[in-house]
Structure formats: C-alpha cells, structure tokens
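We use all heavy atoms of the structure for the numbers below, so side chains are in, but hydrogens, waters and symmetry mates are not.
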Amino acid sequence: MTKVQKGDVIRLKYTGRIKETGEIFDTTEEEIAKEAGIYKENGVYGPVPIASVLVT
C-alpha cells in the first residue's frame with residue numbers, strides 16, 4: 001500500500017448519504033446519481049482530484 005505524501009494528488013470517488021435515512025444527496029458516480037434522482041444533465045461526474053496538504 002502506498003502512503004499519501006504532502007503535495008500528492010489523489011482522485012476521490014464518493015457518495016454522500018444522510019445517516020438517518022440513507023438518502024443520497026451527492027455523488028461523483030453518474031449512474032448512482034441517476035438511480036437516486038439527483039442527476040444533473042450539465043453536471044460533471046467522475047473522481048474529484050484532491051491535493052494533499054497535510055499528512056499526519
């Protein structure tokens with residue numbers, strides 16, 4: 001397993017859900033967005049690049 005170092009860029013896929021109901025409110029996955037009824041035609045789907053600025 002490779003450790004993330006300061007300055008590395010990772011690509012993150014996620015699906016955000018409301019804990020109590022399981023309702024999906026955001027996702028980086030197009031198919032999941034469509035199934036959940038939150039798809040945005042002009043939305044951009046796919047992993048989100050994130051730069052590591054602090055590693056503990």
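- How far OH of Y39 is from CD1 of I32: 14.0 Å, rounded to the nearest 0.5 Å.
- Under the ring-ring contact (aromatic ring centres under 6.0 Å, His included) criterion, Y14 pairs with no residue, sequence neighbours left out.
- Here the closest heavy-atom approach between residue V9 and residue P49 is recorded as CG1-CB, 4.1 Å.
- The OH atom of Y45 lies 10.5 Å from the CD atom of E31; values are rounded to the nearest 0.5 Å.
- Taken from NZ in K34 to CD in E29, the straight-line distance is 12.5 Å, to the nearest 0.5 Å.
- Under the side chain to side chain contact (heavy atoms under 4.5 Å, CB included) criterion, T2 pairs with no residue at all, not counting sequence neighbours.
- Shown here are the side chain to side chain contact (heavy atoms under 4.5 Å, CB included) partners of I10, two or more places apart in sequence or in another chain: V4, I50.
- Note that NZ of K19 is 14.5 Å distant from CZ of R17, once rounded to the nearest 0.5 Å.
- In the displayed structure, K13 atom NZ is contacted under 6.0 Å by at most 12 heavy atoms of other residues, nucleotides or ligands.
- Nearest heavy-atom pair, D26 versus I38, reported as atom, atom and distance to 0.1 Å: N-CD1, 3.8 Å.
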